[in-house]
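One structure is given here, and the rest of the page talks about it.
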Amino acid sequence: MESMPIDPGAAAIRSVVLAGATDFAGFRVACRTLWAEQVEPSRVDWHTAEDPEGDLFADPAGRRGDVGSMRPATSSGAVVESSPLRIPPRLMSAIESAALHRDPGRFALLYRLVWRMQTEPHLRDDALDADVVHVQQMAQAVRRDMHKMKAFVRFRTVEEDARLGPTQALDRDISESLATYDANAAAEVEAEAELAESEGPAAPHADGPLHVAWFEPEHHVVEATAPFFVRRFTAMRWAILTPERSVEWDGSRLVLGPGARRDQAPPADAGERLWLTYYESIFNPARLKVAMMKREMPVRYWKNLPEAPLIGGLVAHANERSARMVDRPATDPSPRHAVAPVTARETRSATGGAAPTGIDTLAAALDRCRECPIGEHATQAVPGEGGTKPRLMFVGEQPGDVEDLRGRPFVGPAGQLFDRALKQLGIDRRDTWVTNAVKHFKFELRGKRRIHKTPAQQEAAACLHWLESEIDLVDPGAIVALGATAARQLMGTAVAVTRQRGQWLRRSDGRRVLITLHPSALLRMEAEHRDTAWEAWLADLRHAADAMREPPA
């Protein structure tokens, strides 16, 4: 923020130039200084460095460069010490939100309200004052816009070699400018993201495909909303493009950048077609309320929503579809899976009293298993996968949320860390077998999130015969137990993982088992301990890599 007198006279108009449209820190400094100098609101012109047209009398040189860190000064050049300002906390929150409004006169309004709060003490209790009401309405509009951004952003997967299609390249047009964007603003938002990360498990650097979204906010809410997407999509590489700001997350660092064009966003892909099919199938015409839908999903957002073209047809035929639903005869609710549940005894009976004779048979039986309650609530069973006759088998605890949805083991955040370790040790995952001791995802709901829950001993014991059948079918040369649950299942007794990690134990069938941590344990560690823990974990796994290179017994 920079402040300069236009006229050296006593009644000179002060021109305040903030570093950007979201420079609330600079606004606070300016408020303190202007109040200390007793500069009335009517004598202050507010501008930002991004204004397309500046004040006719402002010094153009003062409009360039990093002005956000400068302190205002008097006409004599002496820096003024800030004077304390008293603002009620509830109103301070509204002022901070209203500062993100698109109204070009917002800073003048906010300073006028701050000034009046000091000179008119009764205003603190006057909820019907015109300025107070105006600020509250602006704050509400900003918060609503932030909510809509969280709800209506739609990511599209972008190929690594063509991130923005045939005519533009994200790395050249956006990412390079991201690195040169205002460092102060980027640091503030990155600090918020780091604080958000500290509230939950940390994630490794995301190595998957980039997901790009286009959004057109009504107000300056991109920086303020970005930490939400960091928390929601921590393990995903993503970028959100808007006309005025862009933000990119690489799995560990949040970077802000300038705006983009609509044609720089990627076109529709196969995943979007799948989403449209899903959206169309879950549309319930009997619950249609057009006015409420438009209030919660304003028409101005429709042009950027892939499902918007379907809405007109779905609404037009809603009455007809509702009538068909009423006329349709009642049906008994079907189970989640079309196949009937099966127990271990039924499986062995179907195979002549023996265990499953092939991996495909085992996988089909797994999906129908209901020997414990976990299978009833999970999306699907997650069988092991890998090469034929692998020298090494890795056994984890249970599938996670991502694995449960995809039906494959170790493909979530812990799986990414696992793949990174294998690559560093020179192990090709296709030459190993990767599985879990428990084949279904056990979780508890917290809001809309499914949080991992450790399986009970009885639940793990019910799944043991599936693991033993898998070991017999795969016949690995050695096994790595990732975590305490896997170690207990493989060894038949509790194992002190922290004391016996990095050591080879021998099962009753003669197979060797290496004990070490589950990769998710590293993700839960504090940041300062993560590098040390990573090196120790690699040292454990290096024993398994050496075993792969030994000649077969």
Side-chain angles (χ1 to χ4, degrees), residues 1-2 16-31 45-54 63 66-69 91-114 134-153 174 177-178 180-193 196 213-230 238-249 254-262 264-265 298 300-301 304:
M1 183 280 305
E2 182 179 11
V16 179
V17 183
L18 302 177
T22 60
D23 183 18
F24 187 71
F27 172 74
R28 294 182 64 172
V29 171
C31 284
D45 280 339
W46 294 88
H47 307 278
T48 70
E50 300 165 346
D51 289 345
E53 295 183 3
R63 301 288 301 269
D66 181 12
V67 296
S69 61
L91 192 57
M92 190 64 199
S93 176
I95 290 174
E96 190 167 0
S97 296
L100 302 178
H101 201 276
R102 188 169 294 278
D103 187 343
R106 63 191 181 280
F107 292 116
L109 168 66
L110 296 179
Y111 178 56
R112 183 170 68 244
L113 181 59
V114 170
H134 194 180
V135 169
Q136 294 284 10
Q137 290 175 341
M138 292 171 69
Q140 184 177 2
V142 168
R143 292 170 186 147
R144 180 176 176 84
D145 199 33
M146 293 175 65
H147 174 72
K148 297 307 179 187
M149 181 174 178
K150 297 173 185 177
F152 298 143
V153 159
I174 300 298
S177 55
L178 291 176
T180 60
Y181 182 62
D182 179 6
N184 291 332
E188 289 177 8
V189 177
E190 191 167 341
E192 291 185 32
W214 171 261
F215 186 71
E216 298 179 23
E218 189 171 357
H219 304 291
H220 306 289
V221 298
V222 176
E223 293 96 326
T225 315
F228 163 81
F229 290 96
V230 172
W238 53 263
I240 300 176
L241 311 182
T242 77
E244 293 184 359
R245 289 286 186 275
S246 297
V247 61
E248 184 176 13
W249 172 255
L254 188 69
V255 185
L256 293 173
R261 301 186 308 274
R262 178 66 181 86
Q264 288 179 301
R300 64 175 297 269
Y301 295 104
N304 294 319

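What you are looking at is a predicted structure, and each value in this text was computed from that prediction instead of being measured.
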Next item on the list: Would you check, one step at a time, whether the test side chain to side chain contact (heavy atoms under 4.5 Å, CB included) holds for Phe229 with Trp249?
Entry: CA-CA 9 Å; Phe229 290 96; Trp249 172 255; over 6 Å; no
Notebook entry, point to check: Ile240 and Val222: side chain to side chain contact (heavy atoms under 4.5 Å, CB included), yes or no, with the steps?
Noted result: CA-CA 9 Å; Ile240 300 176; Val222 176; 5.7 Å; no
Next item on the list: Report the C-alpha separation of Glu248 and Trp238 in whole Å, then their side-chain angles, then the decisive distance to 0.1 Å, and conclude whether the side chain to side chain contact (heavy atoms under 4.5 Å, CB included) test is met.
Entry: CA-CA 6 Å; Glu248 184 176 13; Trp238 53 263; over 6 Å; no
Next item on the list: Could you walk me through whether Gln136 and Gln140 pass side chain to side chain contact (heavy atoms under 4.5 Å, CB included), step by step?
Entry: CA-CA 6 Å; Gln136 294 284 10; Gln140 184 177 2; over 6 Å; no
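Across all non-hydrogen atoms, the minimal contact from Ala94 to Ala139 is O-CB, 3.4 Å. The two residues Ser97 and Arg143 make their nearest non-hydrogen contact at OG-NE, 3.4 Å. Taking every heavy atom of both residues into account, Val17 and Ala49 meet most closely at CG1-N, 3.9 Å. Across all non-hydrogen atoms, the minimal contact from Ala98 to Leu110 is CB-CD2, 4.1 Å. Residues Phe24 and Met92 approach most closely at CZ-CE, 3.6 Å, considering heavy atoms. Shortest non-hydrogen contact noted between Arg106 and Ala99 is NE-O, 2.8 Å.
Counting heavy atoms from C-beta outward, Pro243 and Phe215 have side chains that stay 4.5 Å or more apart. Side-chain contact between Val16 and His47 is absent, with no heavy atoms from C-beta onward closer than 4.5 Å.
Of the possible polar contacts, none joining the Asp145 side chain to the Pro217 backbone as a donor-acceptor pair under 3.5 Å is found. In this structure, Thr48 contributes its side chain and Ala21 its backbone to no donor-acceptor pair below 3.5 Å. Put simply, the side chain of His101 never gets that close to the backbone of Met138: no donor and acceptor are under 3.5 Å apart.
A distance of 10.5 Å separates NE2 in His219 from CZ in Arg144, rounded to the nearest 0.5 Å. Between the OG1 atom in Thr225 and the CE atom in Met146 there is a gap of 4.0 Å [rounded to 0.5 Å].
Taking the six-membered ring for Trp and the full ring otherwise, Phe27 and Phe107 have centroids separated by under 6.0 Å. In this structure, Tyr111 has its ring center closer than 6.0 angstrom to the ring center of Trp46.
The residues Glu96 and Arg28 are annotated as not salt-bridged, no charged nitrogen and carboxylate oxygen being separated by less than 4.0 angstrom. The pair Glu223-Arg245 counts as a salt bridge, with a side-chain nitrogen and a carboxylate oxygen less than 4.0 angstrom apart.
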